Amino acid sequence: MEWEVVIGLETHTQLQTKTKIFSGASTEFGSEPNTQACVVSLALPGVLPVLNREAVKCAIKFGLAVNAEIAARSVFARKNYFYPDLPKGYQISQYELPVVGKGSMKIQVGTGDKAYEKVINITRAHLEEDAGKSVHGAQEGMSGIDLNRAGTPLLEIVTEPDMRSAAEAVAYAKKLHDLVQWIGICDGNMQEGSFRCDVNVSVRPKGSDKLGTRREIKNLNSFKFMQQAIEYETQWQIETLEDGGTIQQATVLFNPDSGETRAMRSKEEANDYRYFPDPDLLPLAISENDINTVKTEMPELPEAMKARFEAQYGLAHYDANALTSSRATADYFVATVDTDCDAKLAANWVMGSVSAKLNADDKEISESPISPSALASLIKRIQDGTISNNAAKQVFEAMWAGEGDADSIIESKGLKQVSDTGAIEAIVDEVLAANAAMVEEFKAGKEKAFNALVGQAMKASKGKANPAQVNEILKKKLGA
Amino acid sequence: MINKSLKQLGAMLQAKEISSVELTQEYLNRIDRLNPEINAFITLDKDKTLAQAKNADAMLAAGKASAMTGLPIAQKDIFVAKGWRTTCGSKMLETFIGPYDADIIERFDSVGAVNLGKTNMDEFAMGSSNETSYFGKVQNPWDRSRVPGGSSGGSAAAVAARLCAAATGTDTGGSIRQPASLCGLSGLKPTYGLASRFGMIAFASSLDQSGPMAKSCEDMALMMNVITGFDKRDSTSLNREKEDYTRDLNKPLAGLKVGLPKEYFAEGLGADVATVVQEAIAEYKKLGAEIVDISLPNTMLSIPVYYVLAPAEASSNLSRFDGVRYGHRAKEYGDLMDMYCKSRAEGFGAEVKRRILIGTYVLSAGYYDAYYLKAQQIRRLIAQDFENAFKKCDIIMGPTAPSTAFKAGEKADDPVSMYLQDIYTIAVNLAGLPGMSIPAGFAQSADGKKLPVGLQIIGNYFDEARMLNAGHAYQQVTDWHIQMPEGIE
């Protein structure tokens, strides 16, 4: 039987606010345990939550970015369960009425000929607080509790079960990861847990419109693990069903060492969270005015920017897509073309040499040793014929190595292109005289001989002659 | 002197006829003498108290004093106070020292009032007799064999026994008004949101409200000026302009429309209480009030609704008492679950456990709609009852409690009969309205003891000034509020 996998994601994105969602304690990562635990984080008797409107702003931004309904009235609810790192014995979350409703996101899956676009529907996104952390093993026979993270704002983003492969799920997760950073609501740091995915996986016979029983893979914090976990889980479910077994709804964990998923708890053991509206917080009201204020602070979104790149700069769809894959890349490209250099050349340099160098050095584009304006000045020297493409590559390497700006490197390395017709004619004459055999071959109809002569002329000029001019003069002299 | 009002004592302090230290010491001496039996206070800290009094004297000397400066106020032990043990009447918090000040504590501090001590209360404010306190029963000063009411029973007994001039209380379903009624004093639960809940240990967040307990309405008005006001640390605190609650005290009552809900005078009301309340209403007629018959048809539903909603919220509010960070932790336990279970089993008393169980049940999947959601719907109907009533009258009057103080132990094993103590007070909390109880006279017990009866006055939202006006006018022509129990000299 042919099987189809059905995947939906729940992603916890940590919002980049300075203070916690319901208190004034700092959200900074990596401080000494419990130094960012104020009376509210500690859930001392008598303390009360007060909503941080910055977190709401982040939720509105996300809603706008995925074209979602933003609720005029949403409600904070208590999710009750006992755990040592959950100081109040309940998490303040949103249940029946979330702040962000239905929206959607377009993703690109695969590369080359097999690449395709797909729309993933967002079910909802809601605000909630993060829990603290249990620290095991620091003290003999005891567990420690660090409440620095308790109360950090999260936006939980839930999709419809719209994905049909691990590749689609990863493409969505990556796209979402890019988007939340793009709009500046999350730092995207997966090691620090700023972006964590729970993946719901089920399988069904291909063609069936009934959903299979799902298992939820919890807390995936790398795209590689997500891919592996989904592939393993899919295979496991298919094999289980083909062996005549049934799938039990369960929460599972992925073990990166074994590459396997393992059930944590079954549905029977699941908590009854006893959700109810938090009486300490008023319903969250968001006015048109609030939304409009956030709109004015929204950056241009990747889809809009992509369309603009195609229209304004005549870039190919693929290029426009690549340049808008992250906010940093797009910013870099825009800053480069803003200096009036050729956009297509700029696009090629950013996606080519710059990106290759960054990969090789394992650097982010924001850390590029060549600034957008420095790159632009190099591109302008190509445009105005000062240097050839080959020379430009040398200049680029030198700039990357920190040897100076484009002009000074061109000067010091003597890479300026010769465009003086007289000088080039002289070189061509020399080359023709010295390579009579090639000239004969060309005249006999061997087209290749022409290229060889161009090569000789370039070599004779030490690469400095303007290749277009060399071509033109050679053609003239050979009567071609 | 012990029967003087806050206002009179304040005037003596201002005139330097007495110092705050002397006045405070006088009350501390009385507490030393009477509290071992009455048990109105859980925690005293004379050093801290006298240091505050000294400070108040300095303010008075420097001419920086306001109406409350130097006046000793007893604080219900539900309010977290920095450096003070704060128990909420529970073993769970037997050794908990407050690391910060509740809003109400800050407010009294800032006007130079003196914290006289932390008063006894039903555990986590759950009870109507003060018998659920881990720190022992409180005696009703009018008859030591009887309960003072609850949950603010310690505050009520302290004021009644003249161990303080005034105290604070909290009222979730009648916890200020019912003990005020049973102990013969004045108590006011303000409109929900007027007083900050920050630092008040939560029982049922959507109902809890703090308020004054004093001898007279005039004193309560002075305290209301301190207690109320916006607090950004409480999201349900209302951002309104500060009011002067003394402003209307002396307004004539002529033309005041007083509504009498027929449901408050029906079956269940003690005949002795009914007689006293009717006499008080007759007095109001003499003062020029116009009496109107009204109906609050959903009154009987308020108890079941309350006993769904309040435990639901409480079950969640009390989850933080898990033995992990503070509070009682069992000495011996196996795993984590065992630690939770033992710590909470040992730390909470029976009534608290009962309400946690009820609350957990009504919020459970499959029961939520039938209980919690339904109760919320009826809660809106109850609020509508009042809305309709206030179209016909300015204020509502009736009994505060169905009976006078009952004997200790009498209802301790009968929770439903205990819950019925709050039949006339609970609807006010459900609607978020202000409610007040003032002494209206006495009934006689079988053994000839005078037992106070309270008159409840319910106002529309933010109508506290008018209610205090009504109470004050009555207290100008009656002396119930200044009568003292025997044996407290």
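Side chains are part of it too, since the values below use all heavy atoms of this structure and drop only hydrogens, waters and symmetry mates. Here is how names work: the chains are called A, B, and so on, in the same order as the sequence lines, proteins then strands, and each is numbered from 1. All of these numbers come straight from a predicted model, not from anything done at the bench.
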Are more than 12 heavy atoms from other residues, nucleotides or ligands located less than 6.0 Å from atom [atom1] of [X]?
X	atom1	value
B:Lys353	NZ	yes
A:Tyr95	OH	no
B:Lys91	NZ	yes
B:Tyr340	OH	yes

Nearest heavy-atom neighbours spanning [X] and [Y]:
X	Y	answer
A:Arg78	B:Glu313	NH1-O, 4.0 Å
A:Leu281	B:Ser235	CD2-OG, 3.7 Å
B:Phe96	A:Pro45	CZ-CD, 3.6 Å
B:Thr236	A:Leu282	CG2-CD2, 4.2 Å

Name the option with the most non-hydrogen atom pairs under 4.5 Å to chain A; the candidates are B:Ala102, B:Gly366, B:Ser316, B:Ala202.
->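 Of B:Ala102, B:Gly366, B:Ser316, B:Ala202, B:Ser316 has the most heavy-atom pairs under 4.5 Å with chain A.
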Heavy atoms only, distances under 4.5 angstrom: which of B:Val362, B:Leu318, B:Asp234 has the most pairs with chain A? Name it, please.
->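 Of the candidates given, the most pairs with chain A belong to B:Asp234.
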Partner set under ring-ring contact (aromatic ring centres under 6.0 Å, His included) for B:Tyr367, not counting sequence neighbours |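 Result, ring-ring contact (aromatic ring centres under 6.0 Å, His included) vs B:Tyr367: B:Tyr361.
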Under the ring-ring contact (aromatic ring centres under 6.0 Å, His included) test, residues paired with B:Tyr307 that sit two or more places apart |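 Expected list: B:Tyr419.
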With only heavy atoms counted, which part of [X] is less than 4.5 Å from chain A, the side chain, the backbone, both or neither?
X	value
B:Phe198	both
B:Phe321	side chain
B:Thr360	both
B:Leu207	neither
B:Ala312	backbone
B:Ala365	both

Looking at A:Phe82, A:Tyr81, A:Tyr90, which has the largest count of heavy-atom pairs under 4.5 Å with chain B?
->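 Highest number of pairs under 4.5 Å: A:Phe82.
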Contact origin within A:Tyr275 toward chain B - heavy atom pairs under 4.5 Å |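 For A:Tyr275, the contact with chain B is made by the backbone alone.
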Under 4.5 Å from a heavy atom of chain B, the part of A:Asn80 involved |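 Side chain only.
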To the nearest 0.5 Å, what is the distance between CG (A:Leu48) and NZ (B:Lys232)?
->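 Atom-to-atom, A:Leu48:CG and B:Lys232:NZ are 13.0 Å apart.
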In Å, rounded to the nearest 0.5 Å, how long is the span from CG of A:Asp278 to OG of B:Ser205?
->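 Taking CG in A:Asp278 and OG in B:Ser205, the distance rounds to 7.0 Å.
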Heavy-atom donor-acceptor pair, [X] side chain to [Y] backbone, under 3.5 Å:
X	Y	result
B:Arg320	A:Leu44	yes
B:Arg233	A:Val50	no
B:Arg325	A:Leu42	yes

Mind checking whether B:Tyr372 and A:Phe276 have parallel, tilted or perpendicular rings, split at 30° and 60°?
->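 Rings of B:Tyr372 and A:Phe276: perpendicular, over 60°.
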Which members of residues 13-40 of chain A, sorted by number, sit under 4.5 angstrom from chain B on a heavy-atom basis?
->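 Under the 4.5 Å heavy-atom cut-off, A:Val39 qualify.
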For chain B, which residues of residues 143-157 of chain A have at least one non-hydrogen atom nearer than 4.5 Å to it?
->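 Heavy-atom contacts from residues 143-157 of chain A to chain B are A:Ile145, A:Leu147.
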Heavy-atom distance under 4.5 Å between the side chains of B:Ser319 and A:Lys88, does that happen here?
->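 They are not in side-chain contact.
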How about A:Pro84 and B:Leu336: do any of their side-chain heavy atoms sit closer than 4.5 Å?
->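 A side-chain contact exists here, since the closest heavy-atom pair is under 4.5 Å.
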Determine, step by step, whether B:Ser364 and A:Arg274 satisfy the side chain to side chain contact (heavy atoms under 4.5 Å, CB included) criterion, reporting the C-alpha distance in whole Å, the side-chain angles of both residues, the deciding distance to 0.1 Å, and the verdict.
-> CA-CA 5 Å; B:Ser364 299; A:Arg274 308 188 311 279; 4.2 Å; yes
